[in-house]
Amino acid sequence: MLTNTIIKGCNCIEHVLCNILLNMGLDYSMLFTDSWSIFVRVDAALPLRDRLDIYHSSYYELFENLRRYYGIDDKWQARPNNYQELQSLIQTQGYLCLRVPTEACSWLISIDGMEEYHYLLIASMEDQWLYVYDYSSTIMKRLNLEMLLKKGNIELIAFHRTQDIIHAQNYEQDLIRKLNEKAEKRRLSENIRLLTKELDDATLILSELSYSDLIVSPLLRKISYLGFGRQNFLTLFQRRNLIEKYNLEEECKCLLEISKKWLFLNKLFTKFALSSKAEILQKIKRYLEGISIEEEELLDRFLAKMR
């Protein structure tokens, strides 16, 4: 039987992948070589909540790290049409991740009219129930199979370990290369600048925050995960002895403080949502400009010691 570990600060797909690694007896820290990041897409007519993220929309950075460092490959499965097809997949496909609309998960708060998806680790299947692990609880949740199959909204990702060797010797040089690319293209400051520019339209931002319970706001959750992503990035340094090797204790402390600033942004956005005061939105923009400068300077400090 699979076990489920709650990992603070992980989103639902990170939770699934970390728990697959833990159930294989592996350390998951190399999964997070790309989590000190931010992306703001500007080429789509979508709300900001759908254009802001830590990773690219397909999460290919996470799946590539699974392949490159752990020898684990992923394969998307066609939606099963009936109970027997699903049962066959569960019995033969190793570790399975389920992707479903959030509204299918009764224990989660879903927003009417908003299409959001959730990732779950499949534990077992019995009678009319599919048992899954979620990032919100160590206890298994269950989903009604008849409902899922009837609506045709089951999507599966199967994970298989194709190599027994962990390629830990590659992650360090890859990490330095990725940080260099960020620094050369100023990706952090450029995307934070794009996020700041999005705040020019106060009416649109208020519409993103127009929920009776602000904790369910997708925009605020995305901003929280930007902060948690920076904390997850530090897991790599703590687990792989990079702090001592490159004398990065002060730099890691600074990144932890920056992550807390991202999380504090939620309080400022909440104040803005409750008051609609323009000066609070301007304060948020200045706050982001400060974070942008701090992150680029800190990135240069990391690289100065790691090159």
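Note that these values count all heavy atoms, side chains included, but never hydrogens, waters or copies made by symmetry.
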Keeping to residues at least two apart or across chains, list the side chain to side chain donor-acceptor pair (under 3.5 Å) pairs with something in residues 272-288.
Asp200-Lys285
Results of ring pair (Phe, Tyr, Trp, His ring centres under 6.0 Å) for [X] - residues two or more places apart only:
X      : result
His15  : none
Tyr69  : none
Tyr246 : none
Tyr28  : none

In chain order, what residues pass the salt bridge (charged side-chain N to carboxylate O under 4.0 Å, His left out) check against [X], with sequence neighbours excluded?
X      : result
Glu251 : Arg301, Lys305
Asp74  : Arg67
Arg193 : Glu190

Side-chain donor-acceptor contacts of residues 137-148 below 3.5 Å, not counting sequence neighbours, with atom names and distances?
{"from": "Ser137", "atom 1": "OG", "to": "Ile139", "atom 2": "N", "distance (Å)": "3.0"}
{"from": "Asn144", "atom 1": "OD1", "to": "Glu146", "atom 2": "N", "distance (Å)": "3.1"}
{"from": "Asn144", "atom 1": "OD1", "to": "Met147", "atom 2": "N", "distance (Å)": "2.9"}

Give a yes-or-no answer on whether the side chains of Tyr117 and Arg99 include a donor-acceptor pair shorter than 3.5 Å.
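Their side chains do not contain a donor-acceptor pair, so the 3.5 Å distance test is not met.
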State, without any angle test, whether Asn180 and Arg307 hold a side-chain donor-acceptor pair at a distance under 3.5 Å.
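On atom types as modelled, these side chains qualify, holding a pair under 3.5 Å.
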Would you list the pairs meeting salt bridge (Lys or Arg N to Asp or Glu O under 4.0 Å) in which at least one residue belongs to residues 18-32, sequence neighbours left out?
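For residues 18-32: Asp27-Arg239, Asp27-Arg240.
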Among residues two or more places apart or on two chains, list those pairs meeting salt bridge (Lys or Arg N to Asp or Glu O under 4.0 Å) that have a residue in residues 159-172.
Glu172-Lys245
Contacts under 3.5 angstrom, residues 253-264 side chains, donor-acceptor by atom type, not counting sequence neighbours:
{"from": "Glu257", "atom 1": "OE2", "to": "Lys260", "atom 2": "NZ", "distance (Å)": "3.4"}
{"from": "Ser259", "atom 1": "OG", "to": "Gln231", "atom 2": "NE2", "distance (Å)": "3.1"}
{"from": "Ser259", "atom 1": "OG", "to": "Leu256", "atom 2": "O", "distance (Å)": "2.6"}
{"from": "Lys261", "atom 1": "NZ", "to": "Glu294", "atom 2": "OE1", "distance (Å)": "3.2"}
{"from": "Lys261", "atom 1": "NZ", "to": "Glu294", "atom 2": "OE2", "distance (Å)": "2.5"}
{"from": "Trp262", "atom 1": "NE1", "to": "Glu295", "atom 2": "OE2", "distance (Å)": "2.9"}

